[in-house]
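Report on the following structure.
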Amino acid sequence: MSISGAAVGSGRNLRRAVEFGKTHVVRPKGKHQATIVWLHGLGDNGSSWSQLLETLPLPNIKWICPTAPSQPISLFGGFPSTAWFDVVDINENGPDDMEGLDVAAAHVANLLSNEPADIKLGVGGFSMGAATSLYSATCFALGKYGNGNPYPINLSTIIGLSGWLPCAKTLAGKLEEEQIKNRAASLPIIVCHGKADDVVPFKFGEKSSQALLSNGFKKVTFKPYSALGHYTIPQEMDELCSWLTSTLGLEG
């Protein structure tokens with residue numbers, strides 16, 4: 001997946017001007033045990049996913065569904081769209097939009113920063129939202145964002161549906177310190193991908209899970225779906241609910 005921060009002018013000033021859209025919150029219907037920030041895909045918004053998440057049999061989870069800022073997307077010839085970072089083309093080569101990823105991951109961390117101390121925290125998403133959640137996993141393990149600023153949140157779970165791992169090729173050798181290794185090894189991650197995905201190819205999800213495993217993320221679950229395209233289906237949601245209930249020790 002080729003991602004680039006191709007923008008004119010000062011990146012710092014440009015990013016400061018980025019305005020995130022409306023955040024939708026799904027309150028837990030039972031005892032609050034976990035809070036998960038859920039990130040939508042390119043061109044979508046937080047509302048559509050909040051409506052789906054509200055129907056899931058997970059009464060102990062609070063879902064926070066932000067809306068990405070509208071920004072020019074290189075893939076669309078500069079036409080603006082809601083996006084967590086810039087996308088140039090869908091292929092495996094090319095630079096990552098590190099600045100965009102850092103801004104998105106920091107926004108997610110900020111949304112989680114005021115949750116109670118006894119609540120388990122997670123990040124999940126679909127497509128480029130999944131890419132941002134998997135990027136957040138690497139920030140958590142490394143203890144810092146790509147720009148070197150400290151990562152402040154203690155994550156307990158990561159979900160990536162129909163997405164990819166940004167910076168996969170540059171991870172090697174970065175997770176050698178004992179503390180970093182321990183954080184990577186302890187973080188449960190689930191990666192799901194459809195073999196019929198014609199937007200983000202299946203191999204991206206498969207290679208992403210392999211990259212995570214080979215870099216010390218030992219609790220990675222990869223779930224392929226044979227006929228699934230670039231969307232979600234009840235079977236995937238059912239299996240995600242079971243995984244979350246087990247992984248987070250939810251009471252139900």
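Remember, predicted model here, so these are calculated numbers, not experimental data. All values below were derived from every heavy atom in this structure, side-chain atoms included, with hydrogens, water molecules and symmetry-related copies excluded.
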I'd like to know if the side chain of Asp198 and the backbone of Gly229 have a donor-acceptor N/O pair within less than 3.5 Å. no
Point-to-point distance, once rounded to the nearest 0.5 Å, from CD of Glu19 to OG1 of Thr67: 13.0 Å
Single-linkage hydrophobic cluster, 4.5 Å side-chain cutoff, Phe76 and Val87 together: yes
Non-hydrogen side-chain atoms of His230 and Ser127 separated by less than 4.5 Å: yes
Has the side chain of Asn215 got a donor or acceptor atom that lies under 3.5 Å from a matching backbone atom of Ala211? yes
Leu161 with Leu228, same ILVMFWY side-chain cluster at under 4.5 Å: no
Between OG of Ser246 and CG of Leu244, what distance do you get to the nearest 0.5 Å? 9.5 Å
Neighbour count >12 (heavy atoms, 6.0 Å) for atom NZ, Lys62: yes
Worked verdict on Trp84 versus His40 for side chain to side chain contact (heavy atoms under 4.5 Å, CB included): CA-CA 9 Å; Trp84 302 109; His40 61 76; 3.6 Å; yes
For a quick test of reading the model, state the closest non-hydrogen atom pair linking Tyr145 to Ala109 and the distance between them. OH-CB, 3.4 Å
Dump the intermediate steps for side chain to side chain contact (heavy atoms under 4.5 Å, CB included) on Met237 and Leu56, then the final yes or no. CA-CA 8 Å; Met237 287 290 107; Leu56 300 182; 4.1 Å; yes
Kindly assign one of parallel, tilted or perpendicular to the pair His193 and Phe202, based on the angle between their ring planes and the thresholds 30° and 60°. perpendicular
Between Asn45 (side chain) and Ser48 (backbone), is there a donor-acceptor pair under 3.5 Å? yes
Any side-chain heavy atom of Leu248 sitting closer than 4.5 Å to one from Ser156? yes
Check whether Ser208 reaches the backbone of Leu165 with its side chain - one donor and one acceptor, N or O, closer than 3.5 Å. yes
Any non-hydrogen side-chain atom of Met98 less than 4.5 Å from a side-chain atom of Cys167? yes
Ring centroid separation Tyr151 to Tyr135 under 6.0 Å: no
At their closest point, which heavy atom of Phe217 faces which heavy atom of Thr138, and how far apart are they? CZ-CA, 4.2 Å
If hydrophobic clusters are built by linking Ile, Leu, Val, Met, Phe, Trp and Tyr wherever their side-chain heavy atoms come under 4.5 Å apart, do Leu52 and Tyr225 end up in the same one? no
Test your reading of the model: is there a side-chain donor-acceptor pair from Ser133 to the backbone of Ile159, 3.5 Å cut-off? yes
Is the shortest heavy-atom distance from the side chain of Trp38 to the side chain of Ile64 under 4.5 Å? no
Working to the nearest 0.5 Å, report the span between CD1 of Ile36 and CG of Leu53. 8.5 Å
Looking at Cys241 and Pro57, what are the two nearest heavy atoms and their distance? SG-CD, 3.8 Å
Minimal heavy-atom distance between Gln51 and Thr55, with the atoms involved, is O-CG2, 3.4 Å
State, with a plain yes or no, whether a side-chain heavy atom of Leu112 is found less than 4.5 Å away from one of Asn110. no
Rounding to 0.5 Å, atoms OG (Ser162) and CE (Met128) come to a distance of 14.0 Å
Run Leu155 and Leu187 through side chain to side chain contact (heavy atoms under 4.5 Å, CB included) and show every step you take. CA-CA 7 Å; Leu155 295 176; Leu187 181 62; 4.1 Å; yes
Can any side-chain N or O of Gln33 pair as donor or acceptor with the backbone N or O of Glu251 at less than 3.5 Å? yes
Basic-acidic side-chain contact under 4.0 Å: Lys223, Glu236: no
Indicate yes or no: at least one non-hydrogen side-chain atom of Asn154 is less than 4.5 angstrom from one of Leu121. no
Taking NZ in Lys218 as the centre, count heavy atoms belonging to other residues, nucleotides or ligands within less than 6.0 Å. Is the count above 12? no
Check whether Asn60 reaches the backbone of Leu250 with its side chain - one donor and one acceptor, N or O, closer than 3.5 Å. no
Flag side-chain contact, heavy atom, 4.5 Å: Glu206 against Pro224: no
Can you tell me how far apart NZ (Lys219) and OG (Ser186) are? Round to the nearest 0.5 Å. 6.5 Å
Would a 4.5 Å heavy-atom cut-off, applied to side chains only, mark Ser81 and Leu42 as touching? yes
Using modelled atom types and a 3.5 Å cut-off, is there a donor and acceptor pairing between side-chain atoms of Asp86 and backbone atoms of Asp97? no
Any donor-acceptor pair under 3.5 Å from Asn147 side chain to Asn149 backbone: yes
Under 3.5 Å: donor-acceptor pair, side chain of Thr82, backbone of Pro69: no
Count I, L, V, M, F, W, Y as connected when their side-chain heavy atoms are under 4.5 Å apart, and connections chain through other members. Are Leu134 and Val199 then in the same cluster? yes
Phe20 and Ala68: which non-hydrogen atoms are nearest, and at how many Å? CD2-CA, 4.3 Å
Side chain to side chain contact (heavy atoms under 4.5 Å, CB included) between Val37 and Leu39: does it pass, once the steps are laid out? CA-CA 7 Å; Val37 172; Leu39 306 170; 3.8 Å; yes
Among Phe126, Tyr231, Trp63, which residue meets the ring pair (Phe, Tyr, Trp, His ring centres under 6.0 Å) test with Trp49? Phe126
What's the spacing between Leu212 CG and Leu171 CG if we round to 0.5 Å? 7.5 Å
Where is the tightest heavy-atom contact between Ala137 and Ile189, given as atom of each residue plus distance? CB-CD1, 4.1 Å
